[in-house]
Every structure is written in C-alpha cells, then in structure tokens.
Amino acid sequence: MARKVYQAIIDRPIGYQDSFGNRYPINYGYIPNLFAEDGEEQDVYIVSEKVREPLKCFEGELVAVIHRQDDVGDEWVLTLSSEIVTLEDIKEKTYFLEPYFDSTIELL
C-alpha cells in the first residue's frame, strides 16, 4: 500500500537553535493547513540519510507518528519516497528533542 505524500514547510532547518538551546540536527516543520489536536498546523520531523542540508520545504511520505502521552499533539515523521527508515533511525534522529516527552513511535 502506498504511503501518503505531504508537502511540509521547514521553519526549523538543520542547525536551527531554539530558545531552550536545542540545536536541530534534522529539518523540522509543519504541514500547512492541516491542523493537529493542539490547534496548530501538524508538526513534522524530516528523517532521512539523504537529506543533509537545511531546507525551506520538503515533499515526502508519512512513515511514522510519534505519540506524545504528555503533550497535546503528535509529531509526524516524513522521509523521501525512495527511502526506508527504521524505528532505530527515527529514535536516533529525534533524540535531540523527544527525551523531553513521554513518547512512543508508531511505524506506518
């Protein structure tokens, strides 16, 4: 079964540092006009071995959902259509931010 493709806007590109001092090793953004449980546009991590530069936008497949039990919304994981990512890949690439939350990863 084909995975759904989404267009993301990257508002925290590779190298971005947030107000808490977290430096983003991967691109992070949102799906415009798709609203999550928190009333904000759906957040996405871009997990890819092939994408290594800061981006402004990204088109990719939804491959996983990170469910946060102690936060209002879930985070989505997108990757290139030609790429396969594992649970370990997602854990490694999102480790800079996810340890702050009680979260589980659902591969799709």
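Since this is a predicted model, take the numbers as computed values, not measurements.
Atom CG of Asp74 is separated from atom CG of Asp38 by 9.5 Å, given to the nearest 0.5 angstrom. Between the CD1 atom of Ile84 and the CG atom of Asp89 there is a distance of 10.5 Å, given to the nearest 0.5 Å. Here the straight-line distance linking atom OH of Tyr30 with atom CZ of Arg12 works out to 10.5 Å at 0.5 Å rounding. In this structure, the separation between CD1 on Ile31 and CH2 on Trp76 is 6.5 Å, given to the nearest 0.5 Å. The CG atom of Asp11 sits 12.0 Å away from atom CG of Leu55, with the distance rounded to the nearest 0.5 Å.
Between Ala64 and Ile105 the shortest heavy-atom distance is CB-CG2, 4.1 Å. The minimum heavy-atom distance between Asp18 and Phe20, with the atom names listed, is OD1-N, 2.9 Å. Shortest non-hydrogen contact noted between Ile10 and Tyr28 is CG2-O, 3.5 Å. Taking both residues in full, the closest heavy atoms of Lys50 and Leu80 are given as CB-CD1, 3.8 Å, listed atom of the first, atom of the second, then distance.
When Thr79, Ile90, Ile66 are each tested for a side chain to side chain contact (heavy atoms under 4.5 Å, CB included) with Tyr45, only one passes: Ile66.
Salt-bridge check for Glu98 with Lys91: failed, with every basic side-chain N at 4.0 Å or more from each acidic carboxylate O. Ion pairing between a basic and an acidic side chain is recognised when a charged N comes within 4.0 Å of a carboxylate O; Glu49 and Lys93 show such pairing.
At a threshold of 4.5 Å between non-hydrogen side-chain atoms, the residues Val63 and Val77 count as touching. Side-chain contact check for Glu41 versus Asn33: some heavy-atom pair is nearer than 4.5 Å.
Cluster annotation: Leu97 and Val65 are assigned to distinct hydrophobic clusters (Ile/Leu/Val/Met/Phe/Trp/Tyr, side-chain heavy-atom contacts under 4.5 Å, transitive). Under the 4.5 Å side-chain heavy-atom criterion for grouping Ile, Leu, Val, Met, Phe, Trp and Tyr, Leu78 is connected to Leu34 within one hydrophobic cluster. Connection of Ile46 to Phe96 is not established within any shared hydrophobic cluster, with ILVMFWY side chains joined at heavy-atom distances below 4.5 Å, either directly or through further cluster members.
In terms of modelled atom types and a separation under 3.5 Å, the side chain of Gln42 and the main chain of Ala36 share no donor-acceptor contact.
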